[in-house]
Amino acid sequence: MLYQRSSQLFAEAEQVIPGGVNSPVRAFKAVGGTPIFAKEAKGAYIYDEDGNKFIDYINSWGPMILGHAYEPVVNAVIERAKKGTSFGMPTALETEIAKLAVSMVPNIDKIRFVNSGTEACMSAIRLARGYTKRDKIIKFAGCYHGHSDSFLIQAGSGAVTFGAPNSPGVTQGTAKDTLLAVYNDIQNVTELFTANQGEIAAIIIEPVAGNMGCIPPSAGFLEGLRNLCDANGSLLIFDEVMTGFRLAKGGAQELFDIKADIVCFGKVIGGGLPVGAFAARNEIMNYLAPLGPVYQAGTLSGNPLAMAAGLEVLKAIDGDAELFKRLEDKTAYLEKGIREKLDAENIVYTINRTGSMISVHFDAAPVTDFKSAAKGDNETFKKFFHGLLEKGVYIAPSAYETWFITDALTYGDLDDTITAIGKVADTL
Ligand SMILES: *Cc1c(COP(=O)(O)O)cnc(C)c1O
């Protein structure tokens, strides 16, 4: 394949955009080479500026669960745009999507829309802190909750201590209120509660981690967190920006039958437009401005184009009883195919999967937390990534990312992908 036009565009972009991209992972730093520039996409396929066609397993990092340029979304956005693109006033559309979301997701009474997953998670912890009148939060190493200061934290010194900034610009003052825990390690979380009695406002977690590859919660782990929160008067925040409306209509809460106190959304809920949201039951949500004292706002929040897009996707999900079964079946089929091809070449790997989220790790040991995810052989991953790209299969340009399966994928596409994986496996 040729990437000539993409190379030119990247060189041009680098002159005026830091690193040539508006979000770092797009720059291919982890895999090397030049990022391909998207020109258009339809269904399961994405086409680049050089005219190459790829089967897309990124799907805009999750939102395109029904495929690219999904017709009802495209039409709804066009029709809304003709009537004005932003008002800074409430619209009936906002109530319509809010009602639908509240009806689909268990255990929430009200939802507030924002413009990104980052904003949703940032606002959720402010709300949790305001509501509990406590400062500290627990997050898990390797979980991503957007790029707000409180989450850009790495392990400090010693196991039971506060975190340290993992980006310049994040202050020590902020870092000291974020406690870092090990995913799937309930003992570790218990120790943090013991060492910080009465100080923890909330635990925030990706109920299925999707930002260190896909890591499912081990049996009893989420229940354990629920119990710890209940015993300590802390809130449990499910960051369902990735899992919401993807693992089930009601997300991970429904799939695992665990109640979260606050739930964050993004990605699918916006149908490919910039949207995030956070939701909870009344007693918590009523703590938000203008009803309550916790401030949160947004000039473009509830934007009509974004709400129109999100509404079409939620309606489609709500009205399709077979969707999650189809997604599950397709992803299981892909998993089986990948296993056969990698086994045939005696490649050492681990595959993790929950529903339509799947990741391939080039390490034999189980991948259950950030440390085990980091052990994967990155050189093999790079070859795997570039090999697949050459064969017209676009997976995320980082070993720490999940693949997202879309309903637009046919079994023919999956077979083509598995064939490509077989050919690439032969070269690893
Ligand atoms: C993508 C993601 C975010 C951040 O959302 P943005 O819209 O990129 O700000 C937060 N949490 C999780 C779990 C995510 O996957």
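We count ligands from 1, going down the list as the structure has it; atoms in each ligand are counted the same way.
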For residues 204-222, the side chain to side chain donor-acceptor pair (under 3.5 Å) pairs (sequence neighbours left out) are N184-S218, E206-N211
Can K330 and D407 be counted as an ion pair, charged N to O under 4.0 angstrom? yes
Could you pull out all donor-acceptor pairs under 3.5 Å where a side-chain atom in residues 307-318 meets a protein atom, sequence neighbours excluded?
from	atom 1	to	atom 2	distance (Å)
D318	OD1	K249	NZ	3.4

Among I358, T354, V367, which one satisfies side chain to side chain contact (heavy atoms under 4.5 Å, CB included) with C214? T354
Can you name the side-chain hydrogen bond (donor to acceptor under 3.5 Å, both in side chains) partners of K99, sequence neighbours left out? none
Neighbouring residues of ligand 1, heavy-atom cut-off under 4.0 Å: S116, G117, T118, Y144, H145, G146, E206, N211, D239, V241, M242, K267
Determine the sole option in I46, L388, I395, V393 for which the side chain to side chain contact (heavy atoms under 4.5 Å, CB included) test with F54 is passed. I46
